[in-house]
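For reference, the structure discussed in these notes is given below.
No hydrogens, no waters, no symmetry mates; every other heavy atom, side chains included, goes into these values. In what follows, chains are A, B, ... by sequence order, proteins preceding strands, each numbered from 1.
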Number of protein chains: 2
Amino acid sequence: MQKKGELVSFRPDIKVVDCTIRDGGLVNNFFFSEDFVRDLYLTNIKSGVDYMEFGYKASKEQFDVTKFDKWKFCDDDDVRAIVGDNDTGLKLSVMADVGRTDFRKDIGDKSNSPFDMVRVATYINTIPAAIKMVEYCKNKGYETTINIMAVSKANDSDLDDALEIIGRSCVDVIYLVDSYGSLYPEQARRLAAKYLDCAEKYNKIIGMHAHNNQQLAFANTIECLTMGVSYLDSTVSSLGRGAGNCPTELLLGFLKNPKYDISAVLDFIEKHINALREEGVVWGYDVPYLLTGRLNLHPRDAIQFIAEKRTDYKAFYRYLFDRECE
Amino acid sequence: MQKKGELVSFRPDIKVVDCTIRDGGLVNNFFFSEDFVRDLYLTNIKSGVDYMEFGYKASKEQFDVTKFDKWKFCDDDDVRAIVGDNDTGLKLSVMADVGRTDFRKDIGDKSNSPFDMVRVATYINTIPAAIKMVEYCKNKGYETTINIMAVSKANDSDLDDALEIIGRSCVDVIYLVDSYGSLYPEQARRLAAKYLDCAEKYNKIIGMHAHNNQQLAFANTIECLTMGVSYLDSTVSSLGRGAGNCPTELLLGFLKNPKYDISAVLDFIEKHINALREEGVVWGYDVPYLLTGRLNLHPRDAIQFIAEKRTDYKAFYRYLFDRECE
């Protein structure tokens, strides 16, 4: 496989996308303090991060607004309260899940919005709906991505078809998403090569969103980067669902572009991350996640196992294994 | 680079070397309960691990025997008390550091010893002394390895010379050791290719010993494995100096040989690892280790930073950076 860039150089196409609030919000139903969100915004600016994803444009018909804090819905005014006119180099992003968003109602013209980019998360069987959303958002003036979740569950020919369809759409960026943290670097590289073939054919950009179930989120991210993937998702201290994501502090430490600087991230960790753990928010690599990752399963059972403070790992593994192989 | 083996097959040359007591002993001065050591021995047998390293043959002239528990010295009788005649498929290993062992006094004939293998740890500038030790141990009947520590600090031409000299020796296995956890997968693969060239020329075997400062111990281990490296060091739950090592439970989960089974390791974690953490033994990935790893430094400053319960990560990074770049 061809390599793009050297360890001592940097590629201007690379964009770091901070998903701390968005993926981290899946851990605590988005109940972050104003201070946390504002400091993260300032941290991202200082550290050279390219995009900050605030959360979701989730449907208020489908989700109880009293059970989730505002970043599940990301009303423009709530974002404005943090960023003002965002007269900075940091672009702002929001995610919308296929089937869980009233996008025609909740996503207006970019000219009136704090957001620069809308990322559409889809499973492989809902790609036509994702493309509809992307066309809508593109017409409203946004940069767009399609994030094909749980790619480790997709078979090769379905994925080939999906990439063809997405390639012919107006989307800007196509994301490889290892939702279950089950990909080994060898597999991540093979998938990246497939996505990059599509990117070359249709003039798209490829992104990578990794999960850390097998302590491979950082490794898979930089391996994909080396292959030519440009948009790199990360979260401060891995804050994200289950085992969490590629840690921003590791990723920025790897990148050679002098615009990136981990100092502000280190400050943020000192001030906010340790406090969040002390509040009882639980995330990050742990044995149960390795087990779901290894079996290529959604982390939900591992999340529950940990929430119940269980440690009977062997019984849990047996349960998962028997259920999947029955 | 050429790939050896496929993700769905297994290679009979692969050997898993459990270093939990030996590298973990660097965290707690080897004060493990008898129960811990015996259960680990039984766990290794059950899970198909190939070698178990008990600890060091350290000089009792140089080290105060009251400050370290017995696995720093690994008297044959202490090992026998755990393993009896070790009438199992698990081989036993012990490490001896160049300059810190009275090997002529403390390592006798293999026929009277519980050990099968002696691993000699050396820096690149003490390789002639390491070879003397290997010749001695080989004559006594042991399998032998030379572990070139801190390879991330060695320059390429010194390393080439070192590998030539070691290649011409009687040693069986040559180890790539990322003592500082500073290698990225790309670098680990490049070094593995270099070691494997030597192995092919001189009919040696190559091993990998990784540290987890940048959450890359598992990734680097399996990437080297894919290149053709055969001896793979791991520790249960990463237990090892500083950020620790490649976790056995991740490594066994990756290997396809049905002789390997993580169930017993999961039991061991439940019974012993959580208890060890509750006793206050501290190891594993944390921000300060990422900083020393990224700067290619010995983890000692990070270990002290954590022992002092400091969290001023940014100041620590500044201190390290300024000291190294002055």
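In this structure the side chain of A:V282 never reaches within 4.5 angstrom of the side chain of A:V27, judged on heavy atoms. In this structure, B:F268 and B:L42 have side chains that are not in contact, with every pair of non-hydrogen atoms separated by 4.5 Å or more. Within the 4.5 Å cutoff, no side-chain heavy atoms of A:L232 are placed close to those of A:C246. For the pair B:L159 and B:L191, the minimum side-chain heavy-atom distance is below 4.5 Å.
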Do A:L176 and A:L183 pass the side chain to side chain contact (heavy atoms under 4.5 Å, CB included) test, and can you show the C-alpha distance, the side-chain angles, and the key distance before you say yes or no? CA-CA 11 Å; A:L176 198 172; A:L183 296 179; 4.1 Å; yes
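With a threshold of 4.5 angstrom between heavy atoms, B:L291 approaches chain A through side-chain atoms but not through N, CA, C or O. Using a 4.5 Å cut-off between heavy atoms, A:I262 touches chain B through its side chain atoms alone.
Of all heavy-atom pairs spanning A:A219 and B:L216, the tightest one is CB-CD2, 3.5 Å.
Rounded to the nearest 0.5 Å, atoms CG (B:L40) and CE (B:M52) are 4.0 Å apart.
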Between chain A and chain B, donor-acceptor distances below 3.5 angstrom:
unit_1 : atom_1 : unit_2 : atom_2 : d
A:K3   : NZ     : B:E186 : OE2    : 2.7
A:E186 : OE2    : B:K3   : NZ     : 2.7
A:R189 : NH1    : B:E223 : OE1    : 2.9
A:R189 : NH1    : B:E223 : OE2    : 3.4
A:R189 : NH2    : B:E223 : OE1    : 3.1
A:N212 : ND2    : B:Q215 : OE1    : 3.1
A:Q215 : OE1    : B:N212 : ND2    : 3.1
A:E223 : OE1    : B:R189 : NH1    : 2.9
A:E223 : OE1    : B:R189 : NH2    : 3.1
A:E223 : OE2    : B:R189 : NH1    : 3.4
A:G253 : O      : B:R294 : NE     : 2.7
A:G253 : O      : B:R294 : NH2    : 3.2
A:D267 : OD2    : B:K314 : NZ     : 3.0
A:N274 : ND2    : B:Y313 : OH     : 3.2
A:R294 : NE     : B:G253 : O      : 2.7
A:R294 : NH2    : B:G253 : O      : 3.2
A:Y313 : OH     : B:N274 : ND2    : 3.2
A:K314 : NZ     : B:D267 : OD2    : 3.1

